[in-house]
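Down below is the structure, laid out as structure tokens.
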Amino acid sequence: MKKKVIVSAPGKLMLFGEHAVVYNRPCLVTAVDQRMKAEVEVLEQPVFQLEAKDVSVTGYKKPMSELGKGDIPKGAKFAEIAVRSFLTRHSEFISGSSKLKGKMLKQVQHDNIGIRIITKSDFSSQFGFGSSSAVTVCVIKALSELFDKKLTDKQIFHLAYKTVLDVQGKGSGFDIAAAIFGGTLYFVTGGKVIEPLAVSYLPLVVGYSGIKADTVTLVNQVKEKADKYPEIVKSIYDTIEKIVNQAKIFIEKNDWQSVGELMNVNQGLLAALGVSSNKLEAMIYAAREAGAYGTKLSGAGGGDCMIAITPEMRRKEVEKAIIKEGGEIIRVLTNAEGVKIE
Ligand code: MEV
């Protein structure tokens, strides 16, 4: 058995379909070449250790028997719960674990092994590139390798998605899928469909708003709107679904003008759901005026990043316009490779 492994997974950008994808609709997501790396090591002491300087977690240490318990710092949650999810599912690695009527006992005794994790990210956790999902995927992939489980990508998806739901209660899982499979994906809630698109390049400009969005808060706000105006919000989701399905076709045809036009329509509906912001709108309109085919926010909204489908000859002007509105240009290549052992 290997003792240590380094795994990396890409960040992501939502192209179309955010929010609606939480409610059984499709979305389009692309993996970016800025990656999360995790060095994962099996220890002989029953202790869990985590170093994640990018999210201000240093010297974090606890007995394995305390995994998932007590006050867990925000930056440690996903890695810790990912370890717990894996070891609970594969409890043969833990002495003292037992099965009850065929069901794995939740409360396993982690008394014969420990895990040390060191993470390092190419991108800031503020961008909304999915650092929590990427960490979760890296940890589960690494444990699968270290314990020789040979989990398939689909099995990694389900375990990582369970971890995300355990930690934050909500989410479609699209970011997990991007971290595992890479490329550009057509994705339906919970991984019901995960389909790679035949595309190798997207002419994207990415602008960071400088504001960190809280996904769970925004998803809850949209839910409140849906509870109050169920028919109206349902018809917005239905329209977003149509946009996603149409955009998929245009992306595969490299018809960027039409992709851009659909981005503008999707943005209008996101604004209708109440998740845009003055800063995002300013960056979005400036990019359109500077010659982008189309622009929208990417992800939960409220902050994070906006994206602009831009003709190559207008890239510089579009970037300048975004900067003028106080945005920061994040240079990424899309269609990045999925999770891998380094
Ligand atoms: C957040 O990046 C995208 C949302 O659709 C949430 C999700 O799909 O998990 C708002």
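Atoms within each ligand, like the ligands themselves, are counted from 1 in listed order. Numbers for residues simply follow the sequence, beginning at 1.
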What pair of heavy atoms forms the shortest contact from Leu28 to Val244, and how long is it?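 Looking at all heavy atoms of both residues, the closest pair is CD1-O, 3.7 Å.
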Nearest heavy-atom neighbours spanning Tyr23 and Lys223: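 Closest pair (atom of Tyr23, atom of Lys223, distance): OH-CB, 3.8 Å.
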Would you give the length of the straight line joining atom OG of Ser298 to atom CE of Met14, rounded to the nearest 0.5 angstrom?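 Spacing of OG (Ser298) from CE (Met14) equals 7.5 Å.
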Spatial distance of atom NZ (Lys212) from atom CZ (Phe127) [nearest 0.5 Å]: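 One finds 10.5 Å between NZ of Lys212 and CZ of Phe127.
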Would you call Glu44 and Lys3 a salt bridge, using N to O less than 4.0 angstrom?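 So Glu44 pairs with Lys3 through a salt bridge.
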Given a heavy-atom cut-off of 4.0 Å, could you list the residues near ligand 1 in chain and number order?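 Lining ligand 1 at under 4.0 Å, by heavy atoms, one finds Lys12, Glu18, His19, Val21, Val22, Gly171, Ser172, Phe174, Thr215, Val219, Gly299, Ala300.
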Just one of Glu342, Glu337, Lys37 clears the side-chain hydrogen bond (donor to acceptor under 3.5 Å, both in side chains) bar with Ser8, so which one?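 Answer after filtering Glu342, Glu337, Lys37: Glu342.
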